[in-house]
Amino acid sequence: MTSAAGVVVVGGGQAGFSVVSTLRASGYEGPVTVFAAEPHLPYQRPPLSKKAHTEPDGVRVELVPESFYRERDIDLRLGDGVIALDPAARTVLTRAGSRVPYDHLVLATGARNRPLPVPGAELAGVHALRSLDDALTIGRALTTAREVVVIGGGFIGLELAQVARARGARVTVVELTDRLLSRAVSAELEPRLREWHERAGVRILTGTAVHALEGNGRVELVVTTQGILPAGLVVYGIGAVPRDELAREAGLAVRDGVVVDEQLRSVTDPRVSAVGDCARHPHPHADGMVRLESVQNAIDQGALVGRRLAGSPATYESLPWFWSDQGEIKLQIAGLRAPSDEVRLVAGDSADRLAAYAFRADRLVAVETLNWPAEHLAARRLLERRTPVSAAELAGTTLGALARARRAAEVRA
Ligand SMILES: Cc1cc2nc3c(=O)[nH]c(=O)nc-3n(C[C@H](O)[C@H](O)[C@H](O)COP(=O)(O)OP(=O)(O)OC[C@H]3O[C@@H](n4cnc5c(N)ncnc54)[C@H](O)[C@@H]3O)c2cc1C
């Protein structure tokens, strides 16, 4: 597909970058324009929560240098967000006032943090982490904060808790549900993860609600159902919501994300695609539609749409996988686990290694590992190939060992 108006991408993050880099790598020669609301070159977010960042120049997170876009004739409009779509006229309207036509539009607008719904959330010293600018604000605050309260025991909260510990702060994580990472990690694995955090000096209060934040202009206290906590810095990470309002206002189907088909086209308008955190899509590894917030998903979906627009359509079926570095702990997840799956824990060959295998109808569907990258990779290879693995086959062994045994059997055959 090549014509005068070309491809317009809304959002210069991980997924938007993947679309435009793949378009050019796949030989697409039409105009390519990216509208990026942030003033920064497209960058990766994972490093933002794994280290304290204090100096803009010290944060090397951009995906590629500016020359990459210039050399490939990609028109990158930094700091100019799209404020409205007109699918009938096939144009977008930008904050700077330009009306720009497209042949195909890709929404890659990501997600925003869920706001903290308690009194005092607006006090100085209360932050959420999503952008590079947020990371710098929190990093600077960590240079002086002695008492840090993290609200939300999810990935970003736990990563930041360890970053704050490494800076010498006293850290309390306050989590509303009865366990950490309650949506992402199995109940079987969670106690080990919690033990590690507690051993690293993080105080964890689960089943605890925050009622209010108090202070004289700046946060000083966090009022919870388990008592009052002193706080010089509060960071909250209580989930994200997709940035799907442009699509909704333009009349495209939206249901906690832009609803797309198996090729990631809007189910309302095939000239619009959505990728990354803002897209709700069918997936062979899920029961029904899912919206995934991960780097893998953003990259693979962007690449799929880039290849389709360059002439090679395909169905989205990449295996979902994820990682989170929480101090000394490397948590990795391959596949999608459902709450009703049966989970079995297996210890690795050293004390800090652990895997949780999730089975559905006696078939391995997901694997969570702690500090065991080789087992994570073995899981990805097996799940990607859709090679069935039963609970009986995994009794008393690991995926790495099973994969080696299967390879040896193939060589013998
Ligand atoms: C702190 C943090 C740590 C993370 N760590 C991990 C990790 O360890 N592992 C992992 O797999 N995932 C991690 N993630 C998740 C991962 O970064 C996201 O899933 C991924 O960035 C999604 O890519 P995206 O392009 O969909 O969205 P984003 O990367 O968020 O990019 C969307 C961009 O679109 C822009 N935008 C929005 N609306 C408009 C508009 N109207 N006009 C123009 N631009 C617009 C936004 O400003 C933003 O820059 C982390 C996320 C965060 C916030």
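None of these values were measured; they are calculated from a predicted model. Read the numbers this way: they start at 1 and go in the same order the structure lists the ligands and their atoms. No hydrogens, no waters, no symmetry mates; every other heavy atom, side chains included, goes into these values.
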Ligand-residue contact atoms, ligand 1 with [X], heavy atoms, under 4.0 Å:
X: E293; value: 19 (O)
X: G276; value: 26 (O)
X: F322; value: 9 (N), 10 (C), 11 (O), 12 (N)
X: A298; value: 22 (C), 23 (O)
X: L129; value: 1 (C)
X: V10; value: 40 (C), 41 (N), 42 (N), 43 (C)
X: Q14; value: 21 (O), 23 (O), 25 (O), 29 (O)
X: A108; value: 32 (C), 33 (C), 34 (O)

Salt bridge check, [Y] against [X]: does any charged N sit closer than 4.0 Å to a carboxylate O?
X: R170; Y: E147; answer: yes
X: R218; Y: E220; answer: no
X: D134; Y: R130; answer: no
X: D325; Y: K330; answer: yes
X: D244; Y: R248; answer: yes
X: D80; Y: R95; answer: no

Close N or O approach ([X], ligand 1; < 3.5 Å):
X: R130; value: no
X: V82; value: yes
X: W321; value: no
X: Q296; value: no
X: A15; value: yes
X: S324; value: no
X: D277; value: yes
X: A36; value: no

Are [X] and [Y] close enough that a side-chain donor and a side-chain acceptor fall under 3.5 Å?
X: R353; Y: N371; answer: no
X: Q14; Y: Y43; answer: no
X: D261; Y: H281; answer: no
X: T315; Y: Q263; answer: no
X: Q326; Y: S324; answer: yes

For [atom], the protein heavy atom that lies nearest, with its residue and separation:
atom: atom 34 (O) of ligand 1; answer: G11 CA, 3.3 Å
atom: atom 27 (O) of ligand 1; answer: G110 CA, 3.3 Å
atom: atom 11 (O) of ligand 1; answer: V295 N, 3.0 Å
atom: atom 45 (C) of ligand 1; answer: A37 CB, 3.7 Å
atom: atom 31 (O) of ligand 1; answer: G13 CA, 3.3 Å
atom: atom 49 (O) of ligand 1; answer: E38 OE2, 2.7 Å
atom: atom 14 (N) of ligand 1; answer: P46 CG, 4.5 Å

Option with minimal heavy-atom separation from [atom], where the choices are [options]:
atom: atom 36 (N) of ligand 1; options: V34, T109, D80, V275; result: T109
atom: atom 1 (C) of ligand 1; options: P47, S49, A84; result: S49
atom: atom 5 (N) of ligand 1; options: K50, E159, Q301; result: K50

Using a 4.0 Å heavy-atom cut-off, which part of [X] comes near ligand 1: side chain, backbone, both, or neither?
X: W323; result: both
X: L246; result: side chain
X: R45; result: both
X: I156; result: side chain

| request: List in chain and number order the residues that pass salt bridge (charged side-chain N to carboxylate O under 4.0 Å, His left out) with E188, two or more places apart in sequence or in another chain; answer none if no residue qualifies. | output: none
| request: Kindly indicate, with the supporting measurements, whether the criterion side chain to side chain donor-acceptor pair (under 3.5 Å) is fulfilled by N297 and Y316. | output: CA-CA 10 Å; N297 183 64; Y316 186 66; 3.0 Å; yes
| message | I'd like to know whether R291 forms a salt bridge (charged side-chain N to carboxylate O under 4.0 Å, His left out) with D277, so could you lay out the CA-CA distance, the side-chain angles of the two residues, the decisive distance to 0.1 Å, and finally the verdict. | response | CA-CA 7 Å; R291 191 177 68 76; D277 286 8; 5.6 Å; no
Please tabulate, one pair per line, all N/O donor-acceptor pairs under 3.5 Å involving side-chain atoms of residues 381-390, not counting sequence neighbours.
residue : atom : partner : partner atom : Å
S390    : OG   : E393    : N            : 3.2
S390    : OG   : E393    : OE1          : 3.3

| Are R70 and F68 in a cation-pi setup, meaning NZ or CZ lies under 6.0 angstrom from the ring centre and within 45 degrees of the ring axis? | no
| salt bridge (charged side-chain N to carboxylate O under 4.0 Å, His left out) between R199 and E195, worked out | CA-CA 6 Å; R199 228 185 295 140; E195 209 178 287; 3.3 Å; yes
